[in-house]
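The block underneath contains the structure these notes are about, expressed in structure tokens.
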Amino acid sequence: MSKHEMLETAELVGERAARAEEAVQRLTRWHDDFPTPGVRFADLTPVFADSAGFRAVLDCFATCAPDADLVAGVDARGFLLGAGVAAILGTGVVAVRKAGKLPPPVLSREYTLEYGSAALEIPADGIALKGRKVLLLDDVLATGGTLAAAAELFVAAGAEVTAAAVVLELGFLNGRERQGDYPVTSIVKL
């Protein structure tokens, strides 16, 4: 890639990120003490329901790992993001499910949340994951357990997580510190 092409690419990435950030800032609804007291919930439903806002988020995420050959979305809002970005990139998409939602055999990882614990699963067979380059998507990066557990699942299956991206990052919870060596992009960091 020439220097001119790299500058054009950087400008395009910057424009996409700015459009996505504006949409997320403008459209996110906040709910205090949900789902438990002390937790502030970011409702991204209005962002996803707005065609321009949703497209801005998807376009921004598609620039995070243009060499990915598989996109993974974490249950449940990550499913929407993963499917949209996979369609843009022309890749397949894998749904990273909550425990008990997939038939065996599965790969499973337990993790802690800011308000409890849970487990994630992916199929242990039926999808060729070994050697695949995965872009991992989720809605919010808080304490980092969900995203880290999802990444561990793909590594255990022989895939490489080349990048991860989230709509919102709650930086004060230090979730980024729990992530691997892959770059993590957040559209809005609080």
Side-chain angles (χ1 to χ4, degrees), residues 7-36 39-98 113-115 118 120 133-151 161-176 179 182-190:
L7 288 173
E8 285 180 344
T9 300
E11 287 174 12
L12 179 61
V13 169
E15 289 172 17
R16 288 179 176 179
R19 281 196 304 272
E21 180 180 7
E22 185 280 327
V24 173
Q25 293 277 13
R26 180 173 48 85
L27 296 167
T28 301
R29 293 186 322 148
W30 291 94
H31 297 276
D32 291 330
D33 299 319
F34 182 83
T36 60
V39 173
R40 189 166 193 228
F41 184 81
D43 181 7
L44 297 172
T45 305
V47 179
F48 298 161
D50 182 85
S51 62
F54 187 52
R55 183 61 194 226
V57 168
L58 297 179
D59 286 343
C60 179
F61 282 176
T63 65
C64 294
D67 63 337
D69 55 27
L70 191 63
V71 177
V74 178
D75 202 332
R77 292 181 282 185
F79 296 168
L80 301 169
L81 299 166
V85 173
I88 291 170
L89 293 177
T91 69
V93 63
V94 174
V96 180
R97 303 297 310 268
K98 292 177 183 170
L113 300 153
E114 59 273 25
Y115 49 85
L120 293 175
K133 294 180 182 178
V134 178
L135 169 59
L136 185 57
L137 303 177
D138 201 1
D139 58 342
V140 177
L141 176 59
T143 60
T146 306
L147 201 61
V161 176
T162 59
V166 297
V167 178
L168 292 171
E169 179 179 351
L170 307 178
F172 58 91
L173 293 174
N174 303 314
R176 187 175 287 259
Q179 305 315 303
Y182 47 86
V184 178
T185 299
S186 55
I187 294 175
V188 172
K189 186 174 182 177
L190 303 174

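Along the sequence shown, the residues carry numbers beginning at 1.
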Check: [Y] main-chain N/O paired with [X] side-chain donor or acceptor under 3.5 Å:
| X | Y | value |
| --- | --- | --- |
| T63 | C60 | yes |
| D69 | K133 | yes |
| E169 | A142 | no |
| D33 | T36 | no |

Determine the minimum heavy-atom distance between [X] and [Y], stating which atoms define it.
| X | Y | value |
| --- | --- | --- |
| Q25 | V188 | NE2-CG1, 3.6 Å |
| F61 | V167 | CZ-N, 3.6 Å |
| L168 | W30 | CD1-CH2, 3.9 Å |
| G144 | Q179 | O-NE2, 3.0 Å |
| A42 | T28 | CB-CG2, 4.0 Å |
| I88 | A62 | CG2-CB, 3.7 Å |

Nearest 0.5 Å, please: how far is [atom2] in [Y] from [atom1] in [X]?
| X | Y | atom1 | atom2 | answer |
| --- | --- | --- | --- | --- |
| L81 | L136 | CG | CG | 11.0 Å |
| R26 | E21 | CZ | CD | 12.5 Å |
| F34 | R40 | CZ | CZ | 14.0 Å |
| L135 | L89 | CG | CG | 7.0 Å |
| S186 | D138 | OG | CG | 12.5 Å |
| L27 | T45 | CG | OG1 | 11.0 Å |

_Any side-chain heavy-atom pair of V47 and V57 under 4.5 Å_ = yes
*Can you check whether V85 reaches L137 side chain to side chain, under 4.5 Å on heavy atoms?*
yes
_NZ/NE/NH1/NH2 to OD/OE distance under 4.0 Å, R97 and D75_ = yes
*Only one of L173, V166, L170 passes side chain to side chain contact (heavy atoms under 4.5 Å, CB included) with V140; say which it is.*
L170
*Where do L70 and V94 land on the side-chain contact (heavy atoms from CB on, under 4.5 Å) test, with the steps shown first?*
CA-CA 7 Å; L70 191 63; V94 174; 3.7 Å; yes
*Specify whether H31 and F41 have parallel, tilted or perpendicular ring planes, treating 30° as the upper limit for parallel and 60° as the lower limit for perpendicular.*
tilted
